Asker: 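This is the structure, below, for whatever I ask next.
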Amino acid sequence: MSEDNSAAIAAALNRIAETLEALKPGAKAAGPVLTDATAYHWDAAAGTLMPVPKVSRVPLGMLKGIDDVREILLQNTLQFARGYAANNALLWGARGMGKSSLVKALHGHITALDEPGLGRLILIEIAREDIEALPRLMRLIAREEAARFIVFCDDLSFDKDETSYKSLKTILDGGLEGRPENVLFYATSNRRHLMPRDMVENERSTAITPGEAVDEKVSLSDRFGLWLGFHNCDQPTYLAMIRGYCDEYGLTIDDETLRARAVEWSMTRGARSGRVAIQFVRALAGEQGKAI
């Protein structure tokens, strides 16, 4: 037998021995494999955390028109990072008003703080279609006692006949295990109750006990300690968003021209929001030969 074959067989036997050791009663399960990254994506199929080297986010101070909800979520997240009690949060409401941007900006802001007592704060993104794997993720990261985790799901909602929301209900509040102390769950959605209105109304009209059927569907949102509403902005706020972006990225444009062009841009989009504002700023930056 060649030396190469002997080495391969020995390596295989070692792996088998390690697996059997991990399966022994009382064996301590391995925790997640963490790098120096502060953000990860949960790969449910592989059951692993994939590091995100650079998170796409804007500075916290650039988010305009959401001052109240920003302060509430900042305080909640700081409490959590300091090791104190905190609530899961549902950010719901108008499209493009900075729900997901706020979560990422807060994480970046707190991670950059030089404050004694702040633990390592890690942001984990879970895809909406992987919600059924959330309990498995929670058990995995609960073992990493040296860090605190915000599990974040963007654009979370459920359609008719879906049952995956029950996995989320159990892990948020009510299951035997419950939510690990070192984990918070933040979600964004256009729907306050995470379910389409016609789905709730259909349950009300066809169920034998309408009240109980509706309660079953909407009780998921009740398990979030914080409900933070985001609403369409007015024109002054929209213009302030654009001016803030222009100042941050060094774009030159006078107020009168900015107002005229920004208003026209919003009219062609049929909306005023943070998303529309940054899209206008990108177009303006391209005209001026700058990258943002």
Side-chain angles (χ1 to χ4, degrees), residues 37-41 51-78 80-81 89-115 118 121-127 150-156 184 186-190 226 228-253 255 258-259 261-262 265-266 269 271-292:
T38 60
Y40 295 80
H41 177 77
V52 179
K54 183 178 180 181
V55 178
S56 175
R57 58 183 164 214
V58 298
L60 185 60
M62 290 180 65
L63 298 176
K64 306 293 184 182
I66 55 172
D67 296 8
D68 291 343
V69 293
R70 180 181 62 195
E71 291 307 311
I72 293 172
L73 195 61
L74 174 59
Q75 180 61 35
N76 189 68
T77 312
L78 278 172
F80 177 66
L90 173 62
L91 287 64
W92 66 274
R95 294 175 289 111
M97 280 305 297
K99 297 185 292 295
S100 60
S101 295
L102 178 58
V103 174
K104 293 183 288 184
L106 279 176
H107 172 254
H109 174 77
I110 293 174
T111 299
L113 291 177
D114 184 16
E115 178 183 315
L118 279 182
L121 186 62
I122 295 175
L123 183 66
I124 298 178
E125 182 181 43
I126 182 172
I150 296 175
V151 178
F152 170 54
C153 184
D154 190 25
D155 199 20
L156 178 64
L184 275 187
Y186 285 178
T188 71
S189 180
N190 296 330
L226 291 180
L228 302 178
F230 290 67
H231 309 288
N232 290 315
C233 64
D234 56 20
Q235 186 161 291
T237 302
Y238 167 69
L239 294 174
M241 290 176 180
I242 293 179
R243 174 50 69 188
Y245 282 130
C246 289
D247 293 344
E248 174 72 18
Y249 297 127
L251 304 181
T252 303
I253 184 172
D255 289 340
L258 181 147
R259 177 185 176 85
R261 292 193 56 186
W265 184 275
S266 68
R269 300 302 185 277
R272 290 189 295 260
S273 68
R275 181 175 297 145
V276 173
I278 192 61
Q279 289 170 347
F280 170 76
V281 170
R282 287 195 189 105
L284 183 62
E287 293 174 8
Q288 297 186 9
K290 295 181 178 181
I292 62 173

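Values reported hereafter were calculated over all heavy atoms of this structure, with side chains retained and with hydrogens, waters and symmetry mates removed. All of these numbers come straight from a predicted model, not from anything done at the bench.
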Asker: Between V58 and A105, which heavy-atom pair has the shortest distance, and what is it?
Answerer: O-CB, 3.4 Å

Asker: How far apart are the C-alpha atoms of M62 and R57, what are their side-chain angles, what is the distance that settles it, and do they pass the side chain to side chain contact (heavy atoms under 4.5 Å, CB included) test?
Answerer: CA-CA 10 Å; M62 290 180 65; R57 58 183 164 214; over 6 Å; no

Asker: A187 and L156: which non-hydrogen atoms are nearest, and at how many Å?
Answerer: CB-CD2, 3.8 Å

Asker: Would you give the length of the straight line joining atom CG of L102 to atom CG of L60, rounded to the nearest 0.5 angstrom?
Answerer: 6.5 Å

Asker: Given side chains that start at C-beta, do those of S273 and N232 come closer than 4.5 Å, heavy atoms only?
Answerer: no

Asker: Which pairs pass salt bridge (Lys or Arg N to Asp or Glu O under 4.0 Å) with one or both residues in residues 89-106, sequence neighbours excluded?
Answerer: none

Asker: Please list all pairs meeting side-chain hydrogen bond (donor to acceptor under 3.5 Å, both in side chains) that have one or both residues in residues 278-292, counting only residues at least two apart or in different chains.
Answerer: R261-E287

Asker: Is there side-chain contact between L258 and I253, with heavy atoms separated by less than 4.5 Å?
Answerer: yes

Asker: Apply side chain to side chain contact (heavy atoms under 4.5 Å, CB included) to residues L184 and N76 and explain how you reach the verdict.
Answerer: CA-CA 10 Å; L184 275 187; N76 189 68; 3.9 Å; yes

Asker: Do R70 side-chain atoms and L63 backbone N/O form a donor-acceptor pair below 3.5 Å?
Answerer: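 Pair found, side chain donor or acceptor close to backbone of L63.
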
Asker: Might you work through the side chain to side chain contact (heavy atoms under 4.5 Å, CB included) test for H231 and M97, ending with a clear yes or no?
Answerer: CA-CA 7 Å; H231 309 288; M97 280 305 297; over 6 Å; no

Asker: Only counting residues at least two apart or in another chain, list the ones meeting side-chain contact (heavy atoms from CB on, under 4.5 Å) with T77.
Answerer: L73, L106, I110, L121, I150, Y186

Asker: Side chains of T188 and W92: does their closest heavy-atom pair fall under 4.5 Å?
Answerer: no

Asker: In chain order, what residues pass the ring pair (Phe, Tyr, Trp, His ring centres under 6.0 Å) check against Y40, with sequence neighbours excluded?
Answerer: none

Asker: Could you grab the distance from atom CD1 of I242 to atom NZ of K64, nearest 0.5 Å is fine?
Answerer: 13.0 Å

Asker: Quick one: CD1 on I292 to CG on L251, what's the gap to the nearest 0.5 Å?
Answerer: 7.0 Å

Asker: If you define the side chain from C-beta out and look only at heavy atoms, does anything of H41 sit under 4.5 Å from I124?
Answerer: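 Result no, sub-4.5 Å side-chain heavy-atom pair not found.
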
Asker: Side-chain contact test, heavy atoms from C-beta onward, threshold under 4.5 Å: evaluate it for F152 versus I126 and give yes or no.
Answerer: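 No. Closest side-chain heavy atoms not under 4.5 Å.
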
Asker: Compare every heavy atom of P59 with every heavy atom of E248, then report the nearest pair and how far apart it is.
Answerer: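 Taking every non-hydrogen atom into account, OE2-CG, 4.1 Å.
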
Asker: Considering only heavy atoms from C-beta outward, does the side chain of V69 approach that of L91 to under 4.5 Å?
Answerer: no

Asker: Flag the pair L74 / H109 as yes when at least one side-chain heavy-atom distance between them is below 4.5 Å, and no otherwise.
Answerer: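 Touching, per the 4.5 Å side-chain cut-off.
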
Asker: So with a 6.0 Å cut-off around CG of D247, is the heavy-atom count from everything else above 12?
Answerer: yes

Asker: Using the salt bridge (charged side-chain N to carboxylate O under 4.0 Å, His left out) criterion, which residues pair with D255? Sequence neighbours excluded.
Answerer: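 If we apply the salt bridge (charged side-chain N to carboxylate O under 4.0 Å, His left out) test to D255, skipping adjacent residues, the hits are R243.
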
Asker: Test your reading of the model: is there a side-chain donor-acceptor pair from S100 to the backbone of D154, 3.5 Å cut-off?
Answerer: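 Here the side-chain-to-backbone pair does not exist.
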
Asker: State, to 0.1 Å, how close A262 and Y238 come at their nearest heavy-atom pair, and which atoms those are.
Answerer: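 In this case the closest contact between A262 and Y238 is O-OH, 2.8 Å.
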
Asker: What residues form a side-chain hydrogen bond (donor to acceptor under 3.5 Å, both in side chains) with D155, not counting sequence neighbours?
Answerer: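 Once residues adjacent in sequence are excluded, D155 has no partner under the side-chain hydrogen bond (donor to acceptor under 3.5 Å, both in side chains) criterion.
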
Asker: Within the 4.5 Å heavy-atom criterion, are V103 and L123 side-chain neighbours or not?
Answerer: yes

Asker: Give me the atom names and distance for the closest heavy-atom approach of V276 to R269.
Answerer: CG1-CG, 4.1 Å

